[in-house]
Structure formats: C-alpha cells, structure tokens
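One structure is given below, encoded as structure tokens.
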Amino acid sequence: MKIDGRTLHAGQATGRLLVLSEPLSFWGGLDPKTGLIIDRSHPEVGQTMTGRIVAMPGSRGSSGTPGVLGEALRLGVGPAALVVTKADVNLIAGVIVAEALYGVTCPIVQVGADEMPSPGTTDLCEVDAAHDDGPTADD
Amino acid sequence: MKLTGAEEHWLAGDDGRAQQLAMQLIVAAAEASGATALVPIEFAHINSCHYSGKLSLDFAEFLLAEGAQLSVPTHTNASLIARSSPALRPAASFPEEVSGAERLMEIYRQLGCTPMWSCAPYQQAEGRPGLGQQIVGSESNAVGFFNSVLGARTNKYGDLLDISAAIVGRVPLVGLHTDEGRLATHLLELRLSDEELKDPRLPHVLGLILGRQAGAAVPAIVGLREAGEDDLKAIAAAAATAGAVEMFHVVGVTPEAPTLSDATGGRAPRRTTVVDAALVRSTLGGLSTVTTGPVNAVCLGTPHFSVAEFGEVIAVLGEATVHPSVTAIVTTSRSVWAEVQLRGWDSTLEAAGFAVVLDTCTYYLPRATGVTGTVMTNSAKWAYYAPGILEVDVVFSSLTDCVASAIAGEVRLGRRAGA
C-alpha cells in the first residue's frame with residue numbers, strides 16, 4: 001500500500017506504525033522522558049512512540065506541545081515520523097527546533113482522513129517526505 | 001507563499017542563524033495554515049518565557065547566543081516561579097524547574113523583553129495595544145482580551161512561534177488577523193432578568209457557555225448591556241478554558257460590535273444558543289465540587305488580579321482578618337501591585353492575612369504549598385482546571401463570597417457586595 005500526502009516537515013524515516021484512534025495532546029499526553037503515552041483517557045495509553053511512525057487523527061495542539069515533542073526527540077525516545085490529518089503548527093515548530101538544536105529529524109506528513117491506516121496496524125512503514133515533489137508514506 | 005526581499009534574506013540566513021530559524025518557523029506556520037503572505041506586527045505578548053522543559057531553555061539560549069533582536073515591544077507572560085516568594089516552589093524540591101525557570105526569565109530579559117510576568121499584561125495602560133493593530137498573543141485569556149476588548153488582531157501562538165514572530169516582526173496573514181476571520185458565526189442570546197444580569201458570577205458562566213457552544217469559532221453575545229474590563233477578562237478566560245475561543249463580541253460593548261450586524265457582517269449565525277436562568281444555574285452547579293463546609297484555601301487572581309478587584313477585596317474585608325485555618329492567596333502582576341501599594345492597600349491586605357504572589361499563577365501554588373481539602377475561587381478557569389491538576393475540592397463563587405468565606409473559615413455563599 002502507498003499513501004500520498006503533503007510534506008509538513010521534510011525527511012525520511014522507517015519504523016513500525018502506531019495508529020492512534022483519537023487525537024492526543026502531547027502536553028500531558030506524552031511522557032517526554034520515556035516516549036510513552038500517559039493520558040489515562042486515551043485509548044492507546046501505555047503504548048510507546050519511540051521509533052514508531054505515529055499516525056494520528058485530528059489535532060489537540062497546545063502551546064506546550066513543541067516543548068514535549070522536542071524533549072522526547074532530544075532524549076531519543078520520540079517518534080520516527082508523524083502522519084497527521086490536520087496541519088498542527090505546534091508539532092511542526094517542535095520538530096523544526098529539535099532538528100536545528102539537536103540534529104534529530106522527525107518528518108511530518110499530512111494525509112486525508114480517509115487514508116489513515118486503521119488503529120492496530122503495526123506494519124513496517126517508510127516515510128519519504130521531500131521538500132518539493134509529492135511526499136509518500138509506504139507500508 | 002509570497003515573501004518580500006528582506007524576508008527571503010532572513011530565510012536564507014543572511015541576517016544570522018537566529019533570524020533564520022525564527023523565519024523558518026513563521027514560514028512553516030504560514031504554509032500549514034494556508035496563508036499566502038505575512039503581515040507586520042506591532043506588539044507581542046509571549047509565553048515562551050514560561051519554563052516547559054529543556055527545549056524551551058535551549059531554544060532561548062540559542063537565540064541569545066546568536067544575537068537575536070526583537071522587532072517589536074514584547075511583554076512576558078507569567079512565569080513558572082515567583083521570584084519574590086521562592087518558598088512557594090522550593091529549589092530543593094524542584095531543582096530542574098526552578099533553575100531552568102530562573103535562567104529562562106534572565107534570557108528573555110536580556111533579549112529585550114519588557115519583564116511583565118503577567119497573564120493580564122493589558123491591565124497596564126502603558127504599551128497596551130489598540131484597535132486594528134496587528135499583534136502576537138499567546139496566553140489564551142490575553143488572546144481573547146486583546147482581540148475582543150481592545151480590537152487588536154492576533155491568533156493564538158504557541159511556544160517558539162510567539163518569540164519567533166517577535167524577532168522577525170511578522171505573522172501569517174490568516175484567521176483573526178483578517179477582517180473576515182473576525183466576524184461572529186455563533187450567537188449567544190441572553191434572556192435574563194436585571195438582577196440575574198448583575199450577578200458577578202455571570203461573566204464566568206457566560207464564558208464557559210461560549211466555549212462549549214462555539215469551540216474555536218467567533219461568537220457574539222446579545223443582551224449583556226454592561227460589562228467592565230474585569231467581566232470581559234472573566235469571559236475571555238472561561239471561553240478559552242471550556243473551548244478554544246480566541247475572540248468574542250459583546251454587542252453594544254466591545255469595539256467591533258456596535259450592532260449585531262457589525263459583529264456578524266450581516267450574516268445569519270450558524271448556531272444560536274439561548275441563555276436563561278436554568279442554563280446559568282446548571283453551568284454554575286458544574287463548577288463546584290462541594291458547596292458547604294470548611295475552606296482550606298482561597299485562591300484569587302486567575303487571570304492576574306486588577307486594581308479594581310483589589311479594591312473590592314479591601315471593601316469587603318473592612319476590619320476583618322482571614323481565618324487562621326485558611327491560606328488566602330492573590331496573584332497579580334508587578335505593575336498592578338505597584339498601584340495597590342500607592343493606594344496603601346498592601347499593608348491592609350498583609351495585616352488581614354492575604355499572601356500576595358507576583359509573577360506566577362495560583363494553579364501551581366496549592367500543590368507547592370501543600371494545601372489540600374477545599375479551595376474557594378472566584379475564577380471559573382481556576383475552578384475548571386484545579387480539581388484535575390491539584391486533586392482538591394473546589395467552590396466557585398463571587399469575589400465577595402470568597403472574601404467572606406476566607407474570614408469565616410467556611411463556605412459562605414450569597415453575600416452581595418456592600419451588604
């Protein structure tokens with residue numbers, strides 16, 4: 001299967017999919033020290049984002065988002081890439097700054113809501129998000 | 001994306017790495033939001049100075065080391081720590097947060113920010129943005145107040161983006177920065193008696209209803225004939241708490257809504273909600289987890305207390321003092337506190353047993369001071385968040401009731417100001 005999307009932040013990544021069934025606020029929802037989802041009301045609580053291609057519907061961005069995502073990336077426990085249905089500027093700001101300061105790349109690709117893989121899918125997946133031409137997510 | 005020659009140079013790094021990274025963030029935000037151009041700003045109120053972990057500090061250190069310059073007057077939001085009251089969050093118990101927050105405050109001062117450390121910077125007349133000015137806001141109540149009450153134009157900017165915008169002096173021209181984005185699509189119609197309209201709790205309740213009804217849309221309120229700045233502050237704070245409202249109109253009160261037609265651009269609202277006494281009562285009921293019994297703490301000043309609110313506390317207090325079993329805390333800004341001191345109210349408050357805390361927010365305090373049990377507040381925002389964050393019981397009521405309860409040491413409801 002191959003999904004075409006729009007690059008929100010360029011880069012390449014490979015990893016197993018983690019598909020979230022609901023939007024997640026990274027602030028209060030992700031433990032930046034462990035990479036684990038800690039929001040107790042979230043269906044994927046207890047799962048790890050470390051090294052995964054994390055696909056999530058919608059967005060629950062908050063001003064604390066970049067700090068949490070960037071800290072997880074700095075400590076090497078962040079996601080390998082993000083696949084989102086909404087362009088969340090706080091996620092993008094977090095990965096841009098983490099890349100500039102720590103040299104860690106976490107590409108972000110936006111796809112249509114009907115193209116999101118179903119929750120529970122853990123296939124090995126490749127994200128190739130280029131700057132100019134069409135970015136793709138393969139699995 | 002249309003960039004000017006200067007903007008292209010910044011993006012290429014011709015003006016240094018700090019300017020380049022800030023510009024990258026602003027361009028990425030523009031592309032994500034579908035904006036095709038940037039617009040110059042005249043003012044910023046930033047939250048990046050609120051310590052939220054190593055990234056916030058490393059980013060600030062980078063900006064300082066690379067010689068970043070601010071393009072516009074920039075006010076700082078409240079900090080994680082109160083420098084004047086270090087005992088509230090002892091460095092020994094919170095070493096990383098306290099040293100990180102101290103360093104972050106120092107860096108933002110060195111970058112040239114005006115050190116307000118306040119979530120209600122608009123309570124200081126000096127430097128307050130005005131009607132039609134393009135600005136940057138970050139803290140949610142302040143974003144609502146800037147847009148709705150002052151008529152300045154901002155979307156809500158997260159950490160990193162707010163300071164980046166202050167550096168490059170530009171934001172994506174989209175949303176509340178445009179005429180179209182500021183028109184009301186949702187309507188709140190009040191059907192309340194004169195007495196119900198005068199209830200000091202009403203603005204907080206209206207804010208919660210606005211947030212629930214409008215989500216992230218722009219709503220207009222019809223039927224609230226009078227609202228002072230503290231009332232509008234309460235609406236802004238509560239609407240951004242229960243929803244993601246960044247702008248609202250009060251028809252006949254706020255500057256872009258002399259009439260309903262001005263607020264909506266003459267279009268029919270997508271959704272109308274009638275607010276009657278029953279809806280007010282049920283919304284109020286949801287804000288308190290208990291309504292009787294002993295009070296362990298009274299927390300006032302979310303958002304930061306105004307001079308007028310201090311005046312009301314002084315009036316209700318009279319000669320009374322806070323009950324010995326109650327911790328009474330008010331948070332405010334340095335500039336408001338300076339005015340309170342000029343009036344001589346500071347000694348009255350201290351003699352009565354009120355602790356005044358500057359620079360930070362009372363959410364963080366009960367945990368830091370070990371207060372448990374029942375906390376009373378006049379802020380719907382505080383009442384909404386505190387049970388989850390602090391695991392305390394909460395009583396929400398008017399400022400008058402809060403002071404009366406602080407004196408009595410137990411919940412006293414239904415006091416009228418001056419009665």
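Worth knowing before you read on, the calculation uses all heavy atoms, side chains too, and leaves out hydrogens, waters and symmetry mates. Here is how names work: the chains are called A, B, and so on, in the same order as the sequence lines, proteins then strands, and each is numbered from 1.
- Separation of atoms CD (Gln24(B)) and CD (Glu99(A)) is listed at 8.5 Å; rounding is to 0.5 Å.
- In plain terms, the two heavy atoms of Glu31(B) and Arg6(A) that are nearest each other are O-NH2, 2.6 Å.
- Contact count against chain A (heavy-atom pairs under 4.5 Å) is highest for Ala29(B) among Ala28(B), Gly53(B), Ala29(B).
- Against chain B, the residues from residues 71-79 of chain A that qualify, each with a non-hydrogen atom under 4.5 angstrom away, are Glu71(A), Arg74(A) in number order.
- Taking CG of Asp88(A) as the start and OG of Ser33(B) as the end, the distance is 11.5 Å to the nearest 0.5 Å.
- Two residues are said to be in side-chain contact when any heavy atoms from C-beta on lie closer than 4.5 Å; Leu55(B) and Tyr102(A) meet this criterion.
- Within the 4.5 Å cutoff, no side-chain heavy atoms of Asn90(A) are placed close to those of Asp159(B).
- Of all the heavy atoms in Ala93(A) and Leu25(B), the pair that sits closest is CA-CD2, 3.6 Å.
- Pro66(A) and Leu160(B) get closest at one heavy-atom pair: CB-CD1, 3.3 Å.
- Heavy atoms from other residues, nucleotides or ligands lying under 6.0 Å from CD of Glu61(B) number more than 12.
- Looking at Asn47(B), the atoms closer than 4.5 Å to chain A (heavy atoms on both sides) all sit in the side chain, from C-beta outward.
- If you measure heavy-atom distances from Phe59(B) to chain A, the contacts under 4.5 Å come from both the backbone and the side chain.
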